[in-house]
Amino acid sequence: MLERLENVLGGLKSEYADLRYEENRSVNISYSDYDLRSLSTPRSNGGHLRVYQNGGKSALSFFDIAGLESTADKIRENAEIVGRKRNSKIHLAETEVIKDTFFLAPKKHPHDITISEKKELLMHYRDLVLAIDKVKSVEANYNEFYSKRFFLSTEGSKVEYELLISNIYFLIQAQHDDVIQTTRWSIGGSDDFSKLLNRDESCQNMAERASELTMAKPLPPGIFPVVLDPSEAGVFIHEAFGHLSEADGVQDNPDFLKKLQLGTELAKSILNVSDDGTIKDLPGSHIIDDEGVKTRKTELIKNGILSGRMHSRETAAQFNEPLSGNVRAVGPEHPPIVRMSNIYIEPGKSSFDQMIGSIDHGYYLCGAKGGQTSGDAFTFGAQYGYEISNGKLGHMVRDINMSGTLFETLQNISMVGNDLQFSEIGGCGKGSPMQLNRKSGKGSPHIKIDNVTLGGKS
Amino acid sequence: MTKNLRSAFDDVELFSRKEEVSTILYRNNQLKDISTKQIQGAMCRAIKNGKMGTAVQTGHLKETSLIEDALISCKNGETADFDFTSNENAGGMTDLNLYFTETENASSQSFIELSDRIIDDVRTDLNSIALSVQITKSIQETSLETKTLDQRSFKKSILNLMISAPIAGAGTAVYQWKYGLKPLDYPKQQVETFKQWYRWTEKTVTPITARLPIIFTSAASFLYALPLGFGLSGNALVNKTSPMLDKQGEKLFHDLFTLEDDAHSPGIFSAPFDVEGISTRKRTLVKKGVLQEYLLDRRSAAKLGKISTGNAQKEALFVQGVHVPPQPWPSTLRLKPGNQSLEELIQGLDQGILLTGGMGFHSANYRQGDIACKAIGYYVENGEVQGRLESTMLSANIYRDFQEIRAVSNQLEPSSIGTFPDVLLDSVQIIGK
């Protein structure tokens, strides 16, 4: 198979081409309460060819090598057409030619656990959740993704590498009278299966949280100071800032190219943000990206100043900035795009008590519940929260969503905690069609933000 | 289906899809990429010794591994509470013409010429705009067979055009889109609407926090259509978490709200049969505000003691593809249009919101009908658009706020989940300044 792929690349006679081939195997087990909705072990084999010619680019996703062999020349012609039409030509930053293999060595490999054992584990946690008062329903999911990848380029790179992630994700719904509330419980997020074991307390706590939420007061809409817990602050920095730090998100937007020049002051000097795929055992940890560039730590904001960006070879050349090894694709049907690896806010000096104590009337928001961003506008939810009154935590609140704009909100971060924590589970949707990437991590200490628009329940 | 696959199981269903997708992408007024995807995949569901199992393959189909995976899945599976042949709805299958040779033969060059024309047209009026145009052609072949039913299949051609541009000084963008099964005419109406919506972004307004009248344009219809999809879904009925549970025949919305699901109306998800092979047909889900019917697949129908409505889909919120297990979901929704134009709805507003989208929809408790998100659109005063919304959120609930509809427009426009007119609600909570 590799020989056939190399022959295709060798026969293209293009200025540059690369080819990623994947052999993927997943395990998906899904329960809806006591009903086993799905138990499958999907296989997916295929690849993605990129051809650069005359300053233009074209790509082919294929699931059959014969299809690649018969179409490759057409892809080269398409790249040439694109190049002829462009005023500004597409170039690639130079990178090291790598001929190597990068294999994983998990502490407890998910492949050593039988499907039956994985199912039993999921049922065990499901039963713990369903035993909690007011819990109405639970969607319980075990997901495992293993990918063996080959990367070849006309520059001579030849890399074989692995990706592996396993996690458990629960959507828990509790009901009291007409109020139905939802919490999410997620564990795992690495290649180590042992992170999924012995987690009863954490599981029961999140189910009890759903139950408590049915008795909580709806959050009144308005503008308030807030403290975000590490999970929520991690989503904030991912959604509000991280996506604008992915260079392919701003490369064709003249307005943001001007606003996001390196050296721009974005926040108070207490804020430091980095992306680092080299930290081990986190969702976004990896060794090499999907265009053959080794991952590294990139300082994105240093002392409040924009200091770096996440890049592909194409955007690094356009911006004349260093490569970062952030390019990844979730499957052969997708092009590789710039993705955060593990983005996080570096720890500051404030304690949690100092933050809460500094607020007369505001909210403490907890538990990531997903978000969305477009340019510098963002919005995201919190699973639950607490009122802060006269510097003290008060009653629980529910139905929490916040929104804002990046530049204003970053300036409003007034305290950064000293308690950095990484979330176990990541996940990020980007691209059209959307690539839902589970290998995306985030972390933060507690942070305080002034003047946040909260959309609660009217 | 081969003899080996038939003989390995007591009952078996094989769903397969082959698709070639070609995309022309312009960014910031320049051709950026021409890409091609050749996708193929299959899902096999099987019953062995009364236990249900599933196997999925994307790529070149290897029957031995498909059988092996399905056997492992059956061994660990639960008792099958439905099979793959019973529960056929009466009336047979409608022969739909969803494939057009001229669409398949449309060349990349013709898409480049169409994109260039759109960009020239828009930049004539808006010369500093950073325009994106994406044209996607998809040719799909779908087939399904079971141990006892003959193979049924259909071929479909789809063209999808999207125009967008980031708004200078804002994080959001202006979008317009058009799709069809036949080659697309020049999208004159979409281009004109795009230009008007873009011009309206020049000024910004943050309204006061208050309950205000709001027009959900068709572009924003997903904000209420997706929660409705969850509420109508057989899965939510089985779990007893649907706000519409046991409310068939009850009036839940205003008289002006009549919603159909019609897999036969030409669209992205139209099909003569659903992904479980059940014939599709037009269904009225809500008639003059009264709940008529739910959306069921084989599994939820069996759990509820009913028959499938032919609504098993492999497309739902955030997921789509051969690997997705069948689940009850709308095919192509259509909200009944009213009598007034969108312009008349705007002119009739003393003060209100023209909503063209929302961000962060999925972070809210949407399964219970809540819409809490960043509002994207325009502020209207004295019947005229004053500027785009800035720092504005929306907090609504479809089961409360869609009981008070003032008017529905007479223009149906495509959205991501069907075709919708514009809907003017009496008031929803807006969070501004």
Side-chain angles (χ1 to χ4, degrees), chain A residues 32-33 36-46 57-64 67 71 75 78 81-82 85-88 115-116 119 136-137 173 180 182 221-222 252-255 333 335 369-372 374-377 379-381 399 401 403 405 429 434 436 453 455-458, chain B residues 27-28 30-40 53-60 65 69 72-73 76-78 108 112 130 132 134 166 168-173 209 211 235 238-241 318 323 325 359-360 362-365 367-368 370 372-374 391 393-396 428-429 431:
Chain A
S32 177
D33 298 336
L36 180 66
R37 290 300 319 274
S38 127
L39 188 153
S40 63
T41 52
R43 299 169 195 250
S44 161
N45 296 342
K57 179 176 76 172
S58 184
L60 169 72
S61 283
F62 60 93
F63 284 91
D64 187 339
T71 318
I75 302 304
N78 284 342
I81 291 170
V82 175
K85 290 277 296 176
R86 288 185 65 86
N87 300 323
S88 58
I115 295 223
S116 170
K119 186 180 152 194
K136 175 90 174 169
S137 143
Q173 294 197 74
I180 295 182
T182 305
D252 296 313
N253 188 323
D255 192 34
E333 69 274 36
K369 200 181 174 185
Q372 191 180 351
S374 171
D376 70 332
T379 176
F380 60 96
D399 301 318
N401 230 344
S403 86
T405 55
M434 183 182 282
L436 200 55
T453 303
K457 191 148 185 158
S458 54
Chain B
R27 283 267 190 269
N28 193 8
Q30 281 201 85
L31 181 59
K32 174 141 187 158
D33 192 5
I34 301 175
S35 61
T36 307
K37 287 183 188 179
Q38 299 166 340
I39 303 168
Q40 57 188 37
T54 305
V56 184
Q57 278 188 18
T58 314
H60 190 66
S65 51
D69 292 352
I72 292 170
S73 182
N76 289 282
E78 298 286 283
S108 297
I112 288 171
S132 293
Q134 182 170 323
T172 49
T209 298
R211 284 193 72 86
N235 284 349
V238 171
N239 293 343
K240 300 191 185 306
T241 53
F318 300 136
H323 65 284
M359 268 179 59
H362 59 290
S363 304
N365 199 0
R367 290 169 192 243
Q368 297 307 307
D370 286 350
C373 61
K374 180 181 174 66
S391 304
M393 288 192 78
L394 161 73
S395 178
V428 302
Q429 181 67 47
I431 304 104

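Naming: A, B, ... by sequence-line order, numbering from 1 per chain.
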Check your understanding: Between B:A130 and A:D252, what is the shortest heavy-atom contact and its length?
Key -> CB-O, 4.2 Å

Check your understanding: Which heavy atom of A:K369 sits nearest a heavy atom of B:N365, and at what distance?
Key -> NZ-N, 4.2 Å

Check your understanding: About how many Å separate CZ of A:F62 and NE2 of B:H60, when rounded to the nearest 0.5 Å?
Key -> 14.0 Å

**Study point:** Per-residue contact mode, B:T209 against chain A (heavy atom under 4.5 angstrom)
**Key:** neither

Exercise for review: With a 4.5 angstrom heavy-atom cut-off, could you sort out which part of B:H323 is near chain A: side chain, backbone, both or neither?
Suggested key: neither

Study note, to complete from the structure: If one checks every heavy atom of B:S132 against chain A at 4.5 Å, the contacting part turns out to be neither

Check your understanding: Would you call B:S65 and A:R43 a side-chain contact if the rule is heavy atoms closer than 4.5 Å?
Key -> yes

Revision key, fill the gap. Heavy-atom nearest pair, A:K136 first then B:N239, reads CE-O, 4.3 Å

Check your understanding: Based on non-hydrogen pairs under 4.5 Å, which of B:N76, B:T54, B:I72 is most in contact with chain A?
Key -> B:N76

Point to revise | A:D255 versus B:A168, closest heavy-atom pair with distance | key: OD2-C, 3.6 Å

Review point. Does some side-chain heavy atom of A:L60 sit less than 4.5 Å from a side-chain heavy atom of B:Q38?
Key: yes

Check your understanding: Top residue by heavy-atom pair count (under 4.5 Å) with chain A, among B:S391, B:A55, B:G360?
Key -> B:G360

Revision key, fill the gap. Interface check, chain A: of B:K37, B:R27, B:M359, most non-hydrogen pairs under 4.5 Å belong to B:M359

Study note, to complete from the structure: Heaviest contributor of heavy-atom pairs below 4.5 Å to chain B, chosen from A:D64, A:T41, A:I81, A:T405, is A:T41

Study note, to complete from the structure: CZ (B:R367) and OG1 (A:T182) are apart, to the nearest 0.5 Å, by 7.0 Å

Review point. Between B:S73 and A:S40, is there a donor-acceptor pair closer than 3.5 Å when you use the side chain of the first and the backbone of the second?
Key: no

Exercise for review: Measure the spacing between CD1 of B:I39 and CD of A:E333 and express it to the nearest 0.5 Å.
Suggested key: 6.5 Å

Review point. Any idea which of B:S108, B:A173, B:G53, B:A364 has the most non-hydrogen atom pairs under 4.5 angstrom with chain A?
Key: B:A364

Practice item. Look up atom NZ in A:K57 and atom NZ in B:K32, then write down how far apart they are to the nearest 0.5 Å. Key: 6.0 Å

**Study point:** Test item: A:S88 and B:Q30 side chains (from C-beta on) under 4.5 Å apart, heavy atoms
**Key:** yes

Practice item. Could you grab the distance from atom CG of A:N45 to atom CD of B:Q57, nearest 0.5 Å is fine? Key: 8.0 Å

**Study point:** Top contributor to chain B interface from A:N78, A:D33, A:N253 [non-hydrogen pairs under 4.5 Å]
**Key:** A:N78

Practice item. Only counting residues at least two apart or in another chain, list the ones meeting side-chain contact (heavy atoms from CB on, under 4.5 Å) with A:A59. Key: A:H48, B:S35

**Study point:** Minimum heavy-atom distance between B:G77 and A:K119, given as atom pair plus value
**Key:** O-NZ, 4.4 Å

Practice item. To the nearest 0.5 angstrom, please state how far the CD atom of B:E78 sits from the CG atom of A:L39. Key: 9.0 Å

Review point. For the candidates A:S38, A:S116, A:S58, A:G67, which exhibits the highest count of non-hydrogen atom pairs separated by less than 4.5 Å from chain B?
Key: A:S58

Point to revise | Over all atoms of both residues, closest heavy-atom pair of B:T58 and A:F63 | key: CG2-CE2, 3.4 Å

Review point. Which residue out of A:G429, A:P335, A:G46, A:S137 racks up the most heavy-atom pairs below 4.5 Å with chain B?
Key: A:S137

